[in-house]
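For reference, the structure is listed below as structure tokens.
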Amino acid sequence: HKKALVGVTLDLAEAGSPAVQAAALDLVARAGYRGLPHKARAVKLAQTHAAGKDPGLKGLAVRALAAVATDKELDAWGKTFYAALADASPFVRASAAISVGRAKWAAGAHGLIKLLDDGAKTAHTVGGFKGLDGQPGALDAAIGVPNRVDDTAIAALGLIARAKRLPVK
């Protein structure tokens, strides 16, 4: 059933509005894993939006990429993660930070250090669509960690340190 569900979700995303694409990327980011069925399609969708302009889609895309990446893919996609860590949007920076931490990608720690003085709020809402009731819709793209970039970077560094058994002083 998992393969069918992921396939249908990606079918809808590939043919859907930005809001549908955001919901699909959020699902991959939350439930994705390295052996995800239809991984190539999910990665293509995520890479497209990780290079895009919409901060909501970009942040969700970076989280989706990290959720399905192998260690080699994390290294290969490093430029995408570093660019997101330096993005103008606090939501994208925080999304990249927690992605790097959850993936336990030690090479990303350097980019996280730069965020330790970044007190920007990370809240972001994806809009631009109508709900089933015809009213303007919104998807709150919550990261699920502290709501400031610096706090998110600290949490990510902690995840990496524990995974790699690095001394934390």
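This is a predicted model, so every value here is computed, not measured. For reference, positions follow the sequence shown, starting with 1.
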Please determine whether salt bridge (charged side-chain N to carboxylate O under 4.0 Å, His left out) holds for the pair D54 and K58, giving the CA-CA distance in whole Å, both sets of side-chain angles, and the decisive distance to 0.1 Å.
CA-CA 6 Å; D54 182 290; K58 188 183 291 189; over 6 Å; no
Which atoms form the tightest heavy-atom contact between W105 and D75, and what is the distance?
NE1-OD1, 2.8 Å
Is it the case that one hydrophobic cluster holds both F81 and I113, taking links as side-chain heavy atoms less than 4.5 Å apart, direct or via other members?
yes
To the nearest 0.5 angstrom, please state how far the CG atom of D26 sits from the CD atom of Q21.
13.5 Å
Evaluate the side-chain proximity of L115 to D150: yes if any heavy-atom separation is below 4.5 Å, no if none is.
no
Measure across R34 and T70 and return the closest heavy-atom pair with its distance rounded to 0.1 Å.
NE-CA, 3.8 Å
Hey, are the side chains of L85 and R93 touching, using non-hydrogen atoms and a 4.5 Å cut-off?
no
side-chain contact (heavy atoms from CB on, under 4.5 Å) involving A51 - partner list, sequence neighbours excluded:
none
Decide yes or no for L157 and L116: does some side-chain heavy atom of the first lie under 4.5 Å from some side-chain heavy atom of the second?
yes
Give me the atom names and distance for the closest heavy-atom approach of Q47 to L65.
CG-CD2, 3.8 Å
Nearest 0.5 Å, what's the CZ-NZ distance between F91 and K121?
15.5 Å
Shortest non-hydrogen contact from G59 toward S95
O-CB, 3.4 Å
Apply side-chain contact (heavy atoms from CB on, under 4.5 Å) to P55 and list each qualifying residue two or more places apart in sequence or on a separate chain.
S89, V92, H124
Intermediate values then yes/no, salt bridge (charged side-chain N to carboxylate O under 4.0 Å, His left out), D118 and R148:
CA-CA 8 Å; D118 187 340; R148 288 175 27 146; over 6 Å; no
R30 versus R63: any side-chain heavy-atom pair under 4.5 Å?
yes
How long is the straight-line distance from CG of L27 back to OG1 of T9, given to the nearest 0.5 Å?
5.5 Å
Would D71 and K104 count as a salt bridge (charged side-chain N to carboxylate O under 4.0 Å, His left out) if you check the C-alpha gap in whole Å, the side-chain angles of each, and the deciding distance to 0.1 Å?
CA-CA 9 Å; D71 291 340; K104 298 165 185 71; over 6 Å; no
Do you know which two heavy atoms are closest between I160 and G101, and how far apart they sit?
CG1-CA, 4.0 Å
Atom CD1 of I98 and atom CG of L159: how far apart are they, to the nearest 0.5 Å?
5.5 Å
Looking at every heavy atom in both V149 and A94, which two are closest together, and how far apart are they?
CG2-CB, 4.3 Å
Sort out for me which residue in V20, L57, V62 forms a side chain to side chain contact (heavy atoms under 4.5 Å, CB included) with L25.
L57
Side chains of K44 and H38: does their closest heavy-atom pair fall under 4.5 Å?
no
Y33 side chain reached by V68 side chain, heavy atoms, under 4.5 Å:
no
